[in-house]
Amino acid sequence: MERVPSLKEVGLRKGEALLEITFTDKTAVENIVDFEGWIDSWTKIIRAFSELAGEKPESSRVVFVQKSSPLILDIATACSLVVLMGKAVDAVLAKVERYLSIRKQVEEIKKLKLENKQIEKSLEEEADAFSEKSAEEITTELTAGMKPKPGGDVINGINFGIRNLFVFIDKGGRIDCPSSAGDDTKGVADMFTEIRKLQKAVDKLRLLPARKHQEKKEE
């Protein structure tokens, strides 16, 4: 995947779709370290999904970078890769929505100021355990029934990608597909229409106080 072109290319090639990655909220890029970290993460994500889709990683290219806030990367890539990415994003959003719902219950219980903190503690542990096992479940769903069966390296790469997508989306990052080119791309557009609806539901739940361990990390 190319790194940082400064100009937007004209149009998409046939069979390509535009993957738009927006760095908002806690994914906002404030310095070169943040930028390099996210670029490295997304390069690995694109490579993993390219291998799963049977595409060459180098065929994905960054066609536009909006450097003003928020940072936006537009990546032109194969529709088959975007379809797999859409399925992953949809599944991750659903998991993040449930994760944040559990967190919301924790906050409601805190407001009651109960002397017995066990319910609060148990729900926090449930939220942590849920987020940890989500990546493995989504990886299994994405790779199940694929022929030929993906190798261990590909599956590990997808697992890594899902974990990073979970963190990215949980922190407020967005993934969209604003356009595609080809004879059969309506399915891609429909998929991301539903993803946008789920994104709005997740955004409403995200308005929660930071966890204590998150606050310490960010100080």
Side-chain angles (χ1 to χ4, degrees), residues 1-50 53 55-93 96-97 160-182 185-207 210 218:
M1 188 170 74
E2 296 178 17
R3 287 271 173 158
V4 193
S6 58
L7 298 175
K8 192 167 186 175
E9 296 183 6
V10 178
L12 291 170
R13 300 166 188 166
K14 186 176 181 180
E16 283 187 335
L18 199 64
L19 193 66
E20 187 169 87
I21 305 166
T22 304
F23 298 79
T24 59
D25 202 354
K26 293 180 181 179
T27 67
V29 175
E30 299 179 354
N31 53 57
I32 191 65
V33 175
D34 290 341
F35 182 77
E36 288 293 337
W38 280 121
I39 286 294
D40 180 64
S41 176
W42 272 99
T43 298
K44 291 176 180 177
I45 291 171
I46 295 297
R47 178 172 294 278
F49 277 87
S50 295
E55 300 288 344
K56 294 180 179 179
E58 56 270 20
S59 65
S60 296
R61 65 194 195 284
V62 176
V63 296
F64 179 69
V65 179
Q66 176 176 290
K67 296 180 181 178
S68 58
S69 182
L71 173 69
I72 297 176
L73 296 182
D74 283 354
I75 301 174
T77 188
C79 281
S80 57
L81 185 153
V82 175
V83 168
L84 282 174
M85 183 68 73
K87 290 179 180 178
V89 171
D90 183 67
V92 169
L93 276 167
V96 170
E97 183 180 27
F160 170 87
I162 297 299
R163 288 179 184 278
N164 279 269
L165 284 176
F166 194 101
V167 172
F168 184 74
I169 291 172
D170 180 39
K171 289 186 174 182
R174 295 171 177 271
I175 300 118
D176 199 0
C177 177
S179 60
S180 55
T185 58
K186 187 176 184 299
V188 177
D190 290 344
M191 177 185 296
F192 279 88
T193 296
E194 293 303 314
I195 285 173
R196 290 182 203 112
K197 293 178 182 177
L198 186 53
Q199 179 71 61
K200 289 180 180 179
V202 169
D203 288 343
K204 292 179 180 179
L205 286 169
R206 189 175 287 112
L207 300 176
E218 292 168 7

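Once rounded to the nearest 0.5 Å, the distance linking CG of Leu93 with NZ of Lys197 reads 14.0 Å. Here Asp203 contributes atom CG and Glu97 contributes atom CD; the two are 10.5 Å apart, rounded to the nearest 0.5 Å. Atom NZ in Lys87 sits 6.0 Å away from atom CE in Met191 (nearest 0.5 Å). From Leu198, atom CG reaches atom CG of Asp90 across 6.0 Å, with rounding to the nearest 0.5 Å. Expressed to the nearest 0.5 Å, how far CG of Asp190 lies from CD1 of Ile195 amounts to 11.0 Å. With rounding to the nearest 0.5 Å, the separation of CZ in Arg61 from CD1 in Ile75 is 11.0 Å.
In this structure, Asp40 contributes its side chain and Glu36 its backbone to no donor-acceptor pair below 3.5 Å. Checking side-chain atoms of Ser50 against main-chain N and O of Ile46 turns up a donor-acceptor pair under 3.5 Å.
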### Full working for side chain to side chain contact (heavy atoms under 4.5 Å, CB included) between Gln199 and Val89
CA-CA 10 Å; Gln199 179 71 61; Val89 171; 5.9 Å; no
### Task
Apply the test side-chain hydrogen bond (donor to acceptor under 3.5 Å, both in side chains) to residues Thr77 and Glu55: give CA-CA distance (whole Å), side-chain angles for both, the deciding distance (0.1 Å), then the verdict.
CA-CA 9 Å; Thr77 188; Glu55 300 288 344; over 6 Å; no
### Task
Evaluate side chain to side chain contact (heavy atoms under 4.5 Å, CB included) for Leu165 paired with Ile175, printing each intermediate quantity in order.
CA-CA 9 Å; Leu165 284 176; Ile175 300 118; 3.8 Å; yes
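Nearest heavy atoms, Glu16 versus Ala76: OE1-CB, 3.9 Å. Counting all heavy atoms, side chain and backbone alike, Val188 lies closest to Cys177 at CG1-SG, 3.6 Å. For the residue pair Ile72 and Asp74, the shortest heavy atom distance occurs at CG2-OD1, 3.7 Å. Across Ala17 and Val82, no two heavy atoms sit closer than the pair CB-CG2, 3.7 Å. For the residue pair Leu81 and Ser60, the shortest heavy atom distance occurs at CD1-OG, 4.2 Å. Across all their heavy atoms, Thr27 and Phe168 have their closest contact at CG2-O, 3.4 Å.
Checking Ile39, Leu19, Thr22, Val63 one by one against Leu73, the side-chain contact (heavy atoms from CB on, under 4.5 Å) holds for a single residue, Ile39.
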